[in-house]
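Data block below; observations after.
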Number of protein chains: 2
Amino acid sequence: MKRDKQRRLERAGWRVSNTAAFLGLTATEQRFIDLKLALAAGLRQLRERQGLTQAALAKHLGSSQSRIAKLEAADASVSVDFMIRSLISVGAGPAEIAKIIRTAAAHKAA
Amino acid sequence: MKRDKQRRLERAGWRVSNTAAFLGLTATEQRFIDLKLALAAGLRQLRERQGLTQAALAKHLGSSQSRIAKLEAADASVSVDFMIRSLISVGAGPAEIAKIIRTAAAHKAA
DNA sequence: CGCCGCTATGTCATCTTTGACATAGACGGA
DNA sequence: TCCGTCTATGTCAAAGATGACATAGCGGCG
């Protein structure tokens, strides 16, 4: 797994889709990462829309602020499981989650 | 985590949504499990549609047949990460994945 | 019946993800 | 400037997920 690469990329502020090819990422990995980025962005939006702080959400989730920060950064150490759980817990249903995921297709067309 | 409960339920042929309340599952967990069930079903459909065996898909994924079987059974030991990766690798894009996820809403209305 | 291809279930060492904690940065108000 | 609030990043032990393997069930075909 090239988690380190993803991590380094994101740290540097790159959007992975643009650069994945130049690293050793497979097509599946690229798409998977794009999906995670979309979920991360979606969660941040929902959280902020509800006026919640990361700490508040973390508490509601039985987690910690640092973990939410990493989540929203699409850090390689957070799983999609965790992202989905978080989304559900801020009130997103299947429809909303689906909508968020569909946004991951955006820059495929670009 | 009540993974064992989910597991036992599924083994018995129950659909979790019907019975979750009677166990100690929280609303978030129920929805999360429903989503996993939808993803599992979606993968099986796509796999079969392509005439792939579990073993073939496993090889393509660098995994093993047993893991795919568990995946399609929505076994508690498989993560959404793995489900999503599998879906992507059988050719599902964000749109298809979103569609599958939206089917998890079906029995919310029922 | 025996065999074969496919799927299901169990176990385990190994690797990954988690919550918790510490600490640092960013931004504002007093 | 010094706080206070919010967010970011690093580390670690514990909990969870993974691939591999073994084995069992289940049709169908000879």
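Here is how names work: the chains are called A, B, and so on, in the same order as the sequence lines, proteins then strands, and each is numbered from 1.
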Looking at the side chain of A:Lys70, which of C:dT11, D:dC21, D:dT11 is the nearest nucleotide? D:dT11
Please give, in whole Å, the distance from D:dT7 C1' to A:Leu52 CG? 15 Å
What's the angle between the local helix axes at either end of the helix from C:dC1-D:dG30 to C:dA30-D:dT1, using five pairs per end and rounding to 10 degrees? 20°
Using only heavy-atom distances, decide whether a donor-acceptor pair under 3.5 angstrom links the side-chain of B:Ser64 to the base of D:dC21. no
Atom CG of B:Leu71 and atom P of D:dT18: how far apart are they, to the nearest Å? 8 Å
Quick one: which of C:dA8, C:dT11, C:dG19 gets closest to the side chain of A:Phe82? C:dG19
Among D:dA17, D:dG10, C:dT9, which is the nearest nucleotide to the side chain of B:Ser79? D:dA17
Looking only at heavy atoms, what is the nearest atom pair of A:Ala56 and A:Thr53, with distance? N-OG1, 3.0 Å
Student check: side-chain heavy atoms of B:Ile88 and B:Ile97 closer than 4.5 Å: yes
Per the atom types in the model, does the base of D:dA8 pair as donor or acceptor with the side chain of A:Gln65 at under 3.5 Å? yes
Nearest-Å distance for atom pair CD1/P, residues B:Ile68 and C:dG5: 20 Å
To the nearest 0.5 Å, how far apart are CG in A:Leu46 and OG in A:Ser86? 11.0 Å
Kindly compute the distance separating CE (A:Met83) from CG (B:Asp81), expressed to the nearest 0.5 Å. 8.5 Å
Measuring from the side chain of B:Thr53 (C-beta onward, heavy atoms only), which nucleotide among C:dT7, C:dG19, D:dG10 has the closest atom? C:dT7
Taking atom P of D:dA15 as reference, at what distance in whole Å does atom CG of A:Asp81 sit? 18 Å
Heavy-atom closest pair (B:Leu57 atom, B:Ser89 atom, distance to 0.1 Å) is CD1-OG, 3.9 Å
Given atom CD1 of A:Ile84 and atom P of C:dT18, what is their separation to the nearest angstrom? 12 Å
Report the distance from atom CZ of A:Arg67 to atom P of C:dT23, rounded to the nearest whole Å. 19 Å
Measure from the side chain of A:Gln54, starting at C-beta and using heavy atoms only, and say which of D:dA8, C:dT9, D:dT9 lies closest. D:dA8
Provide, to the nearest angstrom, the distance between the NZ atom belonging to B:Lys59 and the C1' atom belonging to D:dT18. 20 Å
Quickly, which of A:Arg67, A:Glu72, A:Glu48 forms a side chain to side chain donor-acceptor pair (under 3.5 Å) with A:Gln54? Name it, please. A:Glu72
Side chain of A:Ser63 (C-beta onward), nearest among D:dT18, C:dG19, C:dT9: C:dG19
From D:dT7, C:dT18, C:dA22, nucleotide with atom closest to A:Arg44 side chain: D:dT7
Heavy-atom distance under 4.5 Å between the side chains of A:Val90 and A:Gln50, does that happen here? yes
A:Arg47 side chain near D:dC6 phosphate (N/O to OP1/OP2, under 4.0 Å): no
When you match A:Glu72 and B:Val80 each to their closest nucleotide on DNA chain D, which lands nearer the 5' end? A:Glu72
For the side chain of B:Ala73, counting heavy atoms from C-beta on, which of C:dT9, C:dT18, C:dA22 is nearest? C:dT9
What's the spacing between A:Arg31 CZ and B:Ile84 CD1 if we round to 0.5 Å? 13.5 Å
Would you mind reading off the distance between A:Glu48 atom CD and D:dC6 atom C1', rounded to a whole angstrom? 11 Å
